[in-house]
Protein chains: 2
Amino acid sequence: MRAPGGRTPQGGGGSQEPPADTAAGDAKRGDAVVRRTRGSSGKVKLDEVARAAGVSTATVSRAFNEPDKVSDEIRERVFAVANALHWIPNAAGRALASSRTHIAGAIIPTLDNEVFARQINAMQAVMAGHGYTLFIGCSNYDQAEGLKQAQAMLARGVEALAFAGERHPAELFQALKARGLPYVVTYSYRADSPHCCVGFDNKVAFRRITRHLLELGHRRFGIISQPVADNDRVEARLAGINEELADAGLAVPEGRCLIGPGTLDAGAQGLARLMDSPKADRPTAVICGNDNLALGALACAPFLGLRAPDDFSITGFDDLAISSRLSPRLTTMRVDNHAIGAIAAEKLLWSMGHKGKAAEPRELVPDLIVRDTSGPPSGD
Amino acid sequence: MRAPGGRTPQGGGGSQEPPADTAAGDAKRGDAVVRRTRGSSGKVKLDEVARAAGVSTATVSRAFNEPDKVSDEIRERVFAVANALHWIPNAAGRALASSRTHIAGAIIPTLDNEVFARQINAMQAVMAGHGYTLFIGCSNYDQAEGLKQAQAMLARGVEALAFAGERHPAELFQALKARGLPYVVTYSYRADSPHCCVGFDNKVAFRRITRHLLELGHRRFGIISQPVADNDRVEARLAGINEELADAGLAVPEGRCLIGPGTLDAGAQGLARLMDSPKADRPTAVICGNDNLALGALACAPFLGLRAPDDFSITGFDDLAISSRLSPRLTTMRVDNHAIGAIAAEKLLWSMGHKGKAAEPRELVPDLIVRDTSGPPSGD
DNA sequence: CTGAAAGCGCTTACAG
DNA sequence: CTGAAAGCGCTTACAG
């Protein structure tokens, strides 16, 4: 309610004359100083807030950044004036002076995906709660693109970085190390990883789902997977399947592990190819690298004259919203992606508060969700 | 290949002695200047590049920002040195000096959605191609949250802003106007909108899909829609349906326009409620506010003993990838979301290049995609 | 608790 | 085409 620039009636605090005038005489004399004119941004600056509130710029800055160090009365006055003047602090000035940008970055493979969208949402919320802005970059599952995004973020002065998976160019890790920049690897988790991981063990997860199928009695398996290139998570998944099968004395035959884009169509085509052999030879269980592939396969099954789980079993991974709504309901695994994002953000915040020291990794464990699409193999 | 700091053998260009030493005497004498020590960031700075290349800071800056103004020889030398030193320009310093941040912002309702993810992807690509970084913020369909995100972006110094829809607090538009900040409204388009819109006319689109159903002979309609609050797009969609029906002398009866979250479950529950009446009275056509709702309804239909299009017709909006893969394939409308994002980015870039002048709006037209789920009403 | 002023790392008007 | 230096809008070590 106090008018901007108005001094308190009490006039306390030992403040001198209003400095509004003194500031005018800032052209040094006797030195033939060349006056440059630089277009000021035209926006209200901290400087003007200070003048209007009758305090120094230091005090205005402190009122906002270290409120405890400023007397109640002055703090309130500064806030009121800043408000009245609609002052918005210039982030660049702040960053330059403090060498803190309050920006963190997250690099994910793709936005178009419930899984990563959820992680980002959570990260953003936690970061915002601590005064940090989150930069988001998409690699489109391409290592080189991911590196480019990371470099752009470094140039922007991010103070911490999160990225999905640990398969990234050595250059990235070097740059991070060189700058002592905190980072976390999200989504992936390996007990022996050199990085701070917040995620789950993809290999263990796929051993689990494979075991589920083995326990149901399946012996002939087929796989439909996303590309392995640049993707440690997919690699670990395939390894998990193969190891679990090997432990049971089994293996996926040549030509029964189909690799393609992680799309609905690839899932559909994959199933058609896997089922294109005499019934006695067909896989009875199909493990898909994610729900999307499984959903595509499921949608295609009727056209092949097949249905799960009577004619074959099939599993996904992710537990997308739609996976449990469609019929037959998909057997899959679910990860708490919101938690991954939130925890990753907390780890980063912790590191930033501890001189960049790496935070403790955190393993989340996916749940196996057995629904309609997995059952005992049909006797042939 | 040239060693950092090494001068060219030819020594051309009239360069004086290497300035490596002259730079040391920068403590002014005879003035009792107090030396402050401020932790330098520890990173390589433009200053060091200049010294190593034997040129002024101005020249280094120009070499990167206005390469034409620098001689070939010096430019190459500067590049080589900068490279060897791994110099990464400090964005804050640059922003402060030039009052250009090269940051643009985009605010969308949610990340978790093919539609917006695609727009963002396209925007980001176009922006990156022009040296701009894209800030992304999610409002979660909440006006107040959207405003908060926008304010955070202003504080970060975004030079342009894109946001979905035109239903936003007046405060937002005032702030934009006050700063002369270019912006575009994405997704929505109205011929008489005061804003630069890049999107489609939601009302016209839903008139179109309603007409399709009318032409098939439907006379009893039901609606399953997302919430109208804070959402001009949804409002326009409902208006489109109602106007088209009114033109045909029809109306959606009380209780047959169901509003809820735009989820699969809401779609399922919606269909159950709409179909909960004697067959002769049930709607024969159900218009959904988006594909997700329609997909949920479709998934639920078998449990109701119904199937489309024999027992009822149903339509969506968005043409999600899965909508055409599932059986029955959904009748829906498709918008080129990639184009919306790309064009929005170009408009913003254009505005920034033209002193913030508003760009021309651009209307995209959605395609009606007639598939399995719409057919003539079943005779009862 | 408060202020005067240097400094953060760039860009750019000015002068040559 | 190039350089010397002021200035962008803040923060903070120093001094009181």
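- Regarding A/N90, its CG atom lies at a distance of 15 Å from the C1' atom of C/dT11, rounded to whole Å.
- For D/dA4, there is no paired base (Watson-Crick or G-U wobble, both distances below 3.5 Å).
- Between the side chain of B/T101 and the main chain of B/G157, a donor-acceptor pair closer than 3.5 Å is present.
- Side-chain atoms of A/L349 and A/M127, non-hydrogen and from C-beta on, do get closer than 4.5 Å to each other.
- Sorted by first and then second residue, the side chain to side chain donor-acceptor pair (under 3.5 Å) pairs with a member in residues 145-158 of chain B read A/T133-B/R156, B/E145-B/Q149; sequence neighbours excluded.
- Of the side-chain N and O atoms in B/S98, none sit less than 4.0 angstrom from OP1 or OP2 of C/dT11.
- Atom-to-atom, CZ of A/F64 to C1' of C/dT2 comes out at 17 Å; the value is rounded to the nearest Å.
- Within the structure, a side-chain polar atom (N or O) of A/N65 is placed less than 4.0 Å from OP1 or OP2 of D/dT11.
- Of the candidates C/dT2, C/dG9, C/dC10, C/dC10 carries the atom nearest the B/L46 side chain, counting heavy atoms from C-beta on.
- At C/dT2, one or more side-chain N or O atoms of A/S71 fall inside 4.0 Å of OP1 or OP2 (strictly under the cut-off).
- Positionally, the nearest nucleotide of DNA chain D for B/T59 lies more toward the 5' end than for the other of B/T59 and A/A91.
- A sub-4.0 Å separation between OP1 or OP2 of D/dC1 and a side-chain N or O of B/K69 is absent.
- The partner of C/dA13 cannot be assigned: no Watson-Crick or G-U wobble pair with both contacts below 3.5 Å exists in any strand.
- Distance from the side chain of B/R94 is smallest for C/dT11 among the nucleotides C/dT12, C/dT11, C/dG9.
- As judged by a 4.0 angstrom heavy-atom cut-off over every strand, B/D72 is placed among residues making no nucleic acid contact.
- Picking from D/dA13, D/dA4, D/dC10 the nucleotide with the shortest atom distance to the side chain of A/R62 gives D/dA13.
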